[in-house]
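Written below as structure tokens is the structure these notes are about.
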Number of protein chains: 2
Amino acid sequence: MEDGPTREEGVAVVADGTDRTSGAELPFADPAGRPTLRTVAELAGVHVSTVSRVLNHVGGPGVRPASRTTAERIRRIAERVGYSPNPHATGLRTSRSRLVGVLVPRLVDIVLATIYEGIEEATATYGFSTFVANTGDDPTAQRRRTEMVLARRVDGVIFGDAYVDGRFLDEVAGRGAPFVLVSRRAGDYPSVTCDDVLGGRLAAEHLLALGHRDLAVIAGEPYASTGIDRTAGFLAACDAAGVHVPGSRVVHSRFDTEGGRAAMSRVLADGAAPTAVFVVNDFAAIGAMGVLRDAGLVVGRDVAVVGFNDVPLAGSLPVGLTTVRSPMHEMGVRAAHLLMRRLGGEEVASERLVPVLVPRASTLGDRGA
Amino acid sequence: MEDGPTREEGVAVVADGTDRTSGAELPFADPAGRPTLRTVAELAGVHVSTVSRVLNHVGGPGVRPASRTTAERIRRIAERVGYSPNPHATGLRTSRSRLVGVLVPRLVDIVLATIYEGIEEATATYGFSTFVANTGDDPTAQRRRTEMVLARRVDGVIFGDAYVDGRFLDEVAGRGAPFVLVSRRAGDYPSVTCDDVLGGRLAAEHLLALGHRDLAVIAGEPYASTGIDRTAGFLAACDAAGVHVPGSRVVHSRFDTEGGRAAMSRVLADGAAPTAVFVVNDFAAIGAMGVLRDAGLVVGRDVAVVGFNDVPLAGSLPVGLTTVRSPMHEMGVRAAHLLMRRLGGEEVASERLVPVLVPRASTLGDRGA
DNA sequence: CTGAAAGCGCTTACAG
DNA sequence: CTGAAAGCGCTTACAG
């Protein structure tokens, strides 16, 4: 690195007031020059075990880790030298790492990225850090990435890429690593999801109320509970209203823009355009809207489109996208809490968060602009 | 967890053929029942140090870690019991963690998410894992998250959220953690960026060639080299062509859709609309397009808009967005390699990757549809 | 070619 | 209230 002289001379005092480089080398520092427990012990004139007890505030009501004055001295010194425990040593000793692995289909999918932000935020409040890995919904990658994460000795795992059959998860459960699911449910494993069935119903009721009877569904991947449940909820509501959606009008798709394009093209190739389309993902919905436009149809006037998730962009599109808002960030936060409770040995139950329909121009036309 | 009986009875053989749970407990397993080096040594009838040497293929040309047959036996046993080294033990012993910290403004920004995917992918090929943390471009968060990452004893850090002044980085450099920058440059620290000056120039040349003379720039945050350099390149090219862009027509903005909306509104409030706008980020460009539309202007006919990055959505928009494509994934990959070389003790030089202009309807009108 | 020992930096019973 | 010891699972000179 092209260090200038200023940096070469060292930064005497960093912003938090900790004096990390002044004076002589710290006694009993680690190879990188960082203070160890021994450093603090030596400076305080006590045994390392005392320092450890004090800094971990061991001791319940009435039980003190050390005398008040000793404890204070130790804490002051630890602060002054900028002591932070070596997580490798702690991890080795306690066999807990305060690490959690998070597996997602793709982090560039803003839905998953938002969920992950919630996870990261919430786990951090427990002093945990997270590894994320993309699996691209590919079983081989899921396996390999899970191995990698377990090899890192994470305390737990959050899967955001579960296949609804849960077979892979059965294997993981056999390995003894606690985990929870987020976004997608599978088997009987604890999960935090959006109430996708309800979401699908909200979409259907909205379209039915607007008078639509000629409907199509772009349903997502067949292995993801999100698409499955949203579609099921939609179709059930149609059924209840006596509106039949033919099987040829329910097509699977990838969850991205390109997937929506391909699926919408297939629907159009199949005959006359429906008057309304429910797409189980906003990005796929954007792709579908593109195809409709290219076919000379005006979204919101000729064809209504409902998406799912309410990504930030949905409201900023030229034709605002009516969509079912799912609490993405909140799902991440809750999943993190759920895992923490599992790690504490609690039995936990799945949580289903309530979605809300957000009507915009893509179903309301000018009224929704 | 609601384990069914099948899972309770254990999964005898997992998919990779490793027999992890059959027979009696492994000898000298760790508290979680995982095999240790000692497990393998005992099973192979050799000393742990021999196992360690074999599994780490110690030994250069001519130097063997063990006899061929012993080595093979050890490797077979390690494979059979599913041995994977405890990274805490290795980390404690070697004071290297094979961990890298990655700081980004926000992971929900697809630009950063794409860069991060490249980083993650490339570091994984070195056997490294990554921690990501959001800092929201907030100096306090940058400090706190960096502390957190260093406390985890990462071997190195990649900053995707550098302030161009580099003052915070000067402090970090004083702490002895090797790092590189990605996306944004700062000071003389090694970085992998897009050639943003060139990108700005490409945008200007495109608009000038189309005959535009009445220009505006939505310039991003003043502390980010991306916005600064893109704007500088744009203005320099205008200057060279004898076209003056008044200072009032160059406005700072956040990098997201909302930021683009706000900035575009300010430009419009300031007087007559320009005939062309260069926005240094695609999402901000989408926001700007929304404001133009709301003002009754047709993008691509009344006003030309050029964005930056070419996010996947840019081409799928109702009015395709002309934009300067930056190699986001590639930047992440290169930054990872650069850090790895730094960790190997190499002196490394910054890399600037070449952007390409992608013309679409937002500047070409119907011709670009 | 292989073994034995030391030690990385912690935590946690166990004494006193 | 505090100290001393053991040991977590590795790696790495050092012997032989």
Side-chain angles (χ1 to χ4, degrees), chain A residues 26-60 62-74 78 81-98 151-153, chain B residues 26-60 62-74 78 81-98 151-153:
Chain A
L26 292 167
F28 304 103
D30 76 4
R34 292 191 205 87
T36 66
L37 214 47
R38 179 108 186 261
T39 307
V40 178
E42 221 71 31
L43 257 25
V46 296
H47 194 262
V48 288
S49 61
T50 306
V51 179
S52 176
R53 265 183 249 116
V54 167
L55 296 182
N56 295 317
H57 3 60
V58 173
V63 189
R64 307 228 139 184
S67 73
R68 181 179 271 292
T69 59
T70 311
E72 266 171 15
R73 185 156 35 91
I74 287 170
V81 300
Y83 173 73
S84 90
N86 183 322
H88 297 124
T90 306
L92 180 57
R93 184 55 231 250
T94 63
S95 43
R96 289 184 314 117
S97 58
R98 294 182 162 265
R152 282 283 176 189
R153 303 302 196 261
Chain B
L26 292 168
F28 305 103
D30 76 5
R34 293 191 204 87
T36 65
L37 212 48
R38 180 107 186 261
T39 306
V40 179
E42 220 70 34
L43 257 24
V46 296
H47 194 263
V48 288
S49 61
T50 306
V51 179
S52 176
R53 266 183 248 116
V54 167
L55 296 181
N56 294 318
H57 4 59
V58 173
V63 189
R64 306 228 137 183
S67 74
R68 179 178 271 294
T69 60
T70 310
E72 267 170 14
R73 185 157 34 92
I74 288 171
V81 299
Y83 172 73
S84 90
N86 183 322
H88 298 124
T90 306
L92 179 57
R93 182 56 231 250
T94 63
S95 41
R96 290 183 314 118
S97 58
R98 295 183 159 263
R152 282 283 176 189
R153 304 302 196 260

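Proteins come first, then strands; the chains are lettered A, B, ... in the order of their sequence lines, and each starts at number 1.
When each of B/Thr70 and B/Thr94 is assigned the nucleotide of DNA chain C with its nearest heavy atom, B/Thr70 is the one assigned upstream, toward the 5' end. Comparing A/Thr50 and A/Pro31 by the nucleotide of DNA chain C that holds the closest heavy atom to each, the one mapping nearer the 5' end is A/Pro31.
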Quick one: which protein N/O atoms are closer than 3.5 Å to N/O atoms of nucleotides 4-7 of chain D? Pair and distance per line, please.
| residue | atom | partner | partner atom | Å |
| --- | --- | --- | --- | --- |
| D/dA4 | N7 | A/His47 | ND1 | 3.2 |
| D/dA4 | N7 | A/His47 | NE2 | 3.4 |
| D/dA4 | N6 | A/Ser49 | OG | 3.3 |
| D/dG7 | N2 | A/Arg93 | NH1 | 3.2 |

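Every stem involving DNA chain C, taken as at least 3 paired positions in a row under the Watson-Crick or G-U wobble test at 3.5 Å, is listed here: C:1-3 with D:14-16, C:5-12 with D:5-12, C:14-16 with D:1-3.
For DNA chain C, the residues of residues 85-92 of chain A within the heavy-atom distance limit of 4.0 Å (strictly under) are A/Pro85, A/Asn86, A/Ala89, A/Thr90, sorted by number.
The side chain to side chain contact (heavy atoms under 4.5 Å, CB included) check on A/Ser95 picks up B/Pro31, with sequence neighbours excluded. Applying the side-chain hydrogen bond (donor to acceptor under 3.5 Å, both in side chains) criterion to A/Ser49, with sequence neighbours excluded, gives A/His47, A/Arg53. In terms of the salt bridge (Lys or Arg N to Asp or Glu O under 4.0 Å) criterion, residue partners of B/Arg34 (sequence neighbours excluded) are, by chain and number, B/Asp30. Checked against side-chain hydrogen bond (donor to acceptor under 3.5 Å, both in side chains), B/Ser84 has the following partners two or more places apart in sequence or in another chain: A/Arg153. Considering only residues two or more places apart in sequence or on other chains, B/Arg73 meets the salt bridge (Lys or Arg N to Asp or Glu O under 4.0 Å) condition with none of them. Every residue meeting the side chain to side chain contact (heavy atoms under 4.5 Å, CB included) condition with B/Thr39, not counting sequence neighbours, appears here in chain and number order: B/Leu26, B/Pro27, B/Phe28, B/Pro35, B/Thr36, B/Leu43. Residues satisfying the salt bridge (Lys or Arg N to Asp or Glu O under 4.0 Å) test with B/Arg98, not counting sequence neighbours, are none.
Residues in residues 37-47 of chain B take part in these salt bridge (charged side-chain N to carboxylate O under 4.0 Å, His left out) pairs, two or more places apart or across chains: B/Arg38-B/Glu42.
Distance CG (B/Leu37) to C1' (C/dG3): 14 Å, rounded to an integer number of Å.
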